[in-house]
Amino acid sequence: MRIHAFSSYAAVMLAALSLTACASRELAQETGDPFEPANRAVFAVNQTLDDVVVGPSARAYDAVTPDPVQTGVRNFMSNLNQPVVFANALLQGDVHAAGDTVGRFVMNTTIGVAGVFDVASHEGVPQHRRDFGQTLAVWGVGDGPYLVLPLIGPSNVRDATGRFVDRYPHPLNWSEEESSEAWAWGLRGLNGIQTRADLDDAIGSLNRTAIDPYVQARSAWRQSRSAFIENGARSDPNYEDLPEFE
């Protein structure tokens with residue numbers, strides 16, 4: 001009698017575990033986030049670093065840095081990224097965008113004092129945004145599982161690969177020796193702080209209002225990237241994407 005009862009209990013437990021496993025697999029397929037436990041762990045670490053170091057540093061930078069200086073920093077960093085945009089515009093077959101990008105880079109680097117002043121926009125030369133993750137999407141490569149990268153934040157397998165490839169056409173990486181110099185890392189840090197300062201209101205709103213900040217950040221980032229990739233397919237230079245929550 002006891003053996004029969006134990007067998008029945010074991011059968012029920014196995015069935016429950018099986019149903020739970022199936023439900024977990026189905027949920028992972030629906031969310032495209034099969035690595036959610038690991039992603040949540042990285043997200044938590046990123047949040048802690050942001051609360052303790054990155055966020056306060058960005059707010060202090062924003063408080064002491066005049067708006068014209070911040071605009072110059074944004075312009076400089078955007079100009080520095082133009083070789084990446086140019087390479088990806090060509091890879092996407094967008095010759096017009098590639099031509100605009102060359103024009104912007106030459107004009108802003110020379111007349112605009114290394115890109116600090118956005119002379120090209122004043123002259124009506126449109127600004128384009130391209131990256132290799134977008135290029136892969138235009139070529140038909142699927143996004144793959146959702147990922148949360150340390151310090152960087154939301155991504156996926158395709159876009160993480162794109163980030164790695166985009167290192168090569170970026171001027172900071174043209175010379176292996178120069179790319180490891182303190183000034184190069186200083187520029188990268190400045191870019192990160194400026195980006196974080198620009199996103200401070202959006203990130204604060206996310207943290208205050210979201211029931212589950214992880215899910216909300218995942219959803220917002222996916223919407224942003226989807227629109228950005230659709231922009232690449234349309235070759236529309238006027239698109240401005242949603243903020244990426246770090």
Side-chain angles (χ1 to χ4, degrees), residues 70-143 149 152-181 183-192 194-195 198 221 224-244:
Q70 292 194 41
T71 298
V73 170
R74 294 187 199 97
N75 291 342
F76 176 80
M77 294 301 176
S78 175
N79 189 63
L80 202 61
N81 194 54
Q82 293 307 290
V84 176
V85 176
F86 170 76
N88 283 289
L90 284 182
L91 290 172
Q92 293 176 26
D94 193 341
V95 178
H96 179 71
D100 287 340
T101 302
V102 170
R104 288 185 60 85
F105 185 69
V106 171
M107 192 177 298
N108 285 343
T109 301
T110 55
I111 305 174
V113 192
V116 173
F117 301 101
D118 188 2
V119 179
S121 290
H122 287 291
E123 294 299 320
V125 182
Q127 181 174 8
H128 301 269
R129 299 186 62 219
R130 300 286 188 273
D131 61 42
F132 194 68
Q134 182 192 53
T135 296
L136 290 173
V138 171
W139 289 352
V141 177
D143 53 3
L149 303 179
I152 295 171
S155 188
N156 56 42
V157 172
R158 180 190 60 211
D159 290 342
T161 302
R163 278 183 174 272
F164 177 78
V165 173
D166 279 337
R167 293 179 67 257
Y168 293 97
H170 197 284
L172 286 182
N173 299 307
W174 286 354
S175 168
E176 185 174 346
E177 292 182 359
E178 294 292 329
S179 69
S180 60
E181 293 289 335
W183 64 266
W185 284 107
L187 285 178
R188 295 184 184 103
L190 178 61
N191 184 46
Q194 181 64 66
T195 301
D198 291 337
W221 180 83
S224 169
R225 284 301 292 179
S226 177
F228 180 66
I229 287 166
E230 183 181 352
N231 162 56
R234 294 195 315 263
S235 299
D236 176 5
N238 298 316
Y239 170 71
E240 295 181 2
D241 67 344
L242 299 171
E244 293 184 8

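Values below: all heavy atoms of this structure, side chains included; hydrogens, waters and symmetry mates excluded.
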- Kindly determine whether R74 and D198 satisfy salt bridge (charged side-chain N to carboxylate O under 4.0 Å, His left out), including the steps that lead there. CA-CA 10 Å; R74 294 187 199 97; D198 291 337; 2.9 Å; yes

- Task: Examine distances only and state if a side-chain atom of N173 and a backbone atom of R167 form a donor-acceptor pair shorter than 3.5 Å.
- Result: yes

- Query: Out of curiosity, W139 CH2 to L91 CG, how far, rounded to the nearest 0.5 Å?
  - Reply: 5.0 Å

- Query: Can you tell me if S180 uses its side chain to pair, donor with acceptor, with the backbone of E177 under 3.5 Å?
  - Reply: yes

- Under 4.0 Å between a Lys/Arg side-chain N and an Asp/Glu carboxylate O for R104 and D118? yes

- Rounded to the nearest 0.5 Å, what's the gap from CE on M77 to CG on L172? Could you check? 7.5 Å

- Query: Does the side chain to side chain donor-acceptor pair (under 3.5 Å) test come out yes or no for D166 and N88, once each step is laid out?
  - Reply: CA-CA 9 Å; D166 279 337; N88 283 289; 3.1 Å; yes

- Query: Does some side-chain heavy atom of N75 sit less than 4.5 Å from a side-chain heavy atom of V116?
  - Reply: no

- Item | Heavy-atom side-chain proximity of S78 to R129 below 4.5 angstrom | no

- Is there a side-chain contact between W221 and D159 (heavy atoms, below 4.5 Å)? yes

- Is the shortest heavy-atom distance from the side chain of R163 to the side chain of D131 under 4.5 Å? no

- Query: Any side-chain heavy-atom pair from F105 and V125 closer than 4.5 angstrom?
  - Reply: no

- Minimum heavy-atom distance W174-Y168, with the two atoms named: CD1-O, 3.6 Å

- Task: Indicate the atoms forming the closest heavy-atom contact of A87 with P169, along with that distance.
- Result: CB-CB, 4.3 Å

- Message: Side chains of V84 and R130, heavy atoms from C-beta outward: is any pair under 4.5 Å?
- Response: no

- Rounded distance [0.5 Å steps], CH2 in W185 versus CG in L190: 14.5 Å

- Message: Could you measure the distance from the NE2 atom of H96 to the OG1 atom of T101? Nearest 0.5 Å is fine.
- Response: 9.5 Å

- Item | Side-chain donor or acceptor of D143 paired with backbone N/O of R158 under 3.5 Å | no

